[in-house]
Amino acid sequence: MEAVEELALGPCAASPYLRPFRLRYRQNGTKKFWDFMRTHDSVSILIFNSSRQCFLLVKQFRPAVFMCEMERYHPQDFQSKSQDSWCPLLDPLPAKVGVTYELCAGIVDKPDLSLEEIACKEVLEECGYDVPITNLKRITSYRSGVGVTGSKQTLFYAEVTDQMKTGEGGGQAEEGELIEVVEIPLQDSMKFAFDEHFPKTMGVMFSFMWFQSHVAQGLLEK
Ligand SMILES: O=c1ccn([C@@H]2O[C@H](COP(=O)(O)OP(=O)(O)O[C@H]3O[C@H](CO)[C@@H](O)[C@H](O)[C@H]3O)[C@@H](O)[C@H]2O)c(=O)[nH]1
Ligand SMILES: [Mg+2]
């Protein structure tokens with residue numbers, strides 16, 4: 001996963017994943033504008049393996065996270081004179097600075113599938129567990145990136161057992177996905193959630209806390 005080579009930064013003129021816009025408006029009499037991007041909505045799934053008493057997270061290389069770090073250490077890479085061409089990144093940081101721990105998640109890009117169906121597909125593709133749709137519990141939904149994308153993410157909970165494991169996961173190789181599945185033992189999960197040495201999404205932190213207040217107590221009473 002960390003063999004990331006031949007990096008080059010280029011312009012993004014058109015993309016199937018994001019479309020930048022500017023909205024002009026007048027609010028309470030004041031003229032304003034706001035720049036934003038349209039992106040897909042998404043689903044994410046907190047997966048708890050009850051056979052092994054652990055959470056399943058995915059770890060992957062995130063170019064956006066990587067390039068945040070790159071700008072911090074090599075701001076000149078973003079000030080390239082020629083904005084229209086590819087600019088090789090000659091002294092890249094190690095790829096691991098762009099690897100994050102996340103909930104299993106996927107974009108909502110198939111209008112014929114329900115959010116639940118997309119969530120089950122992501123659990124199978126990324127983590128290798130075949131979860132019946134009736135095992136999914138909708139936790140809630142929220143807006144992510146309110147300043148930039150405002151897209152909606154719907155969060156589900158799925159309890160799985162070792163018997164549901166039908167494959168290795170790892171993402172869709174044909175789409176170039178390269179994902180590592182990581183098990184976080186329940187007993188270590190709150191320490192993990194607040195340990196800044198492990199770069200992670202807010203979804204991981206929020207859902208681990210949701211589990212503590214909504215599920216963990218029930219497990220103790222079993
Ligand atoms: O610029 C891009 C963007 C996407 N892809 C492809 O699209 C796939 C998208 O994967 P998917 O698993 O569907 O979505 P995620 O990348 O996991 O993103 C979702 O999960 C993230 C973590 O919660 C959220 O931040 C995002 O908003 C949400 O879309 C990737 O694997 C790639 O194959 C590209 O090749 N290039
Ligand atoms: Mg994903």
Side-chain angles (χ1 to χ4, degrees), residues 1-20 36-47 55-70 86 89 95 98-129 131 136 138-158 160 167-182 184 192-193 198-211:
M1 186 195 316
E2 289 173 16
V4 179
E5 295 165 323
E6 298 177 21
L7 291 107
L9 187 62
C12 176
S15 164
Y17 302 106
L18 45 94
R19 292 173 293 144
F36 67 98
M37 275 188 285
R38 284 295 302 131
T39 55
H40 289 104
D41 285 342
S42 59
V43 294
S44 64
I45 309 99
L46 172 66
I47 310 171
F55 296 108
L56 300 179
L57 296 184
V58 295
K59 219 174 139 183
Q60 54 194 316
F61 175 70
R62 289 299 195 177
V65 175
F66 179 77
M67 291 308 288
C68 274
E69 292 301 298
M70 281 290 282
W86 289 95
L89 303 178
V99 174
T100 55
Y101 292 81
E102 308 171 14
L103 294 175
C104 169
I107 57 175
V108 176
D109 59 351
K110 297 187 180 59
D112 47 324
L113 297 185
S114 67
L115 295 180
E116 287 77 6
E117 285 169 324
I118 293 175
C120 286
K121 226 164 140 306
E122 290 296 333
V123 174
L124 185 60
E125 284 169 10
E126 295 192 350
C127 300
Y129 286 77
V131 177
L136 279 187
R138 185 185 172 114
I139 299 178
T140 189
S141 68
Y142 41 83
R143 297 285 165 179
S144 57
V146 286
V148 181
T149 68
S151 59
K152 189 173 185 174
Q153 186 164 74
T154 305
L155 172 63
F156 292 95
Y157 172 63
V160 301
E168 286 310 308
Q172 283 191 296
E174 61 278 20
E175 281 187 16
E177 268 189 319
L178 193 52
I179 288 172
E180 189 188 324
V181 184
V182 206
I184 308 292
F192 172 85
F198 300 107
K200 66 185 80 67
T201 60
M202 183 82 102
V204 171
M205 302 173 73
F206 169 76
S207 60
F208 279 13
M209 294 187 74
W210 171 86
F211 186 94

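What's counted below: heavy atoms across the whole structure, side chains too, no hydrogens, waters or symmetry copies. Order of listing sets the numbers, starting from 1, for every ligand and every atom in it.
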- Is there a donor-acceptor contact under 3.5 Å linking the side chains of Gln153 and Ser42? yes
- Should the ring pair Trp210 and Tyr157 be called parallel, tilted or perpendicular, given that the plane angle runs from 0 to 90° and is split at 30 and 60? tilted
Contacts under 3.5 angstrom, residues 8-19 side chains, donor-acceptor by atom type, not counting sequence neighbours:
residue	atom	partner	partner atom	Å
Ser15	OG	Tyr17	N	2.8
Ser15	OG	Leu18	N	3.2

- Would you mind checking if Glu117 and Lys121 are paired as a salt bridge, meaning a charged N to carboxylate O distance below 4.0 Å? no
- Return the minimal non-hydrogen interatomic distance between Leu103 and Val204, and the atom names on each side. N-CG2, 3.7 Å
- Message: Taking Glu102 first and then Arg62, would you say they form a salt bridge - that is, a charged N and a carboxylate O separated by under 4.0 Å?
- Response: yes
- Message: Keeping to distances under 2.8 Å, can you name the protein N/O/S atoms close to the Mg ion (ligand 2)?
- Response: Ala105 O, Glu126 OE2
- Query: So which protein residues pack against ligand 1 under 4.0 Å, heavy atoms counted?
  - Reply: Tyr17, Ser42, Arg62, Glu102, Ala105, Gly106, Ile107, Glu122, Glu126, Gln153, Glu175, Glu177
- Message: Parallel, tilted or perpendicular: which one describes the rings of Phe208 and Phe55, with boundaries at 30° and 60°?
- Response: parallel
- If every non-hydrogen atom of Asp41 is compared with every non-hydrogen atom of Lys152, which pair is closest and at what distance? OD1-N, 2.9 Å
Which side-chain N or O atoms in residues 167-178 pair as donor and acceptor under 3.5 Å with protein atoms at least two apart or in another chain?
residue	atom	partner	partner atom	Å
Gln172	NE2	Glu174	OE2	3.4
Glu177	OE1	Gln172	N	2.9

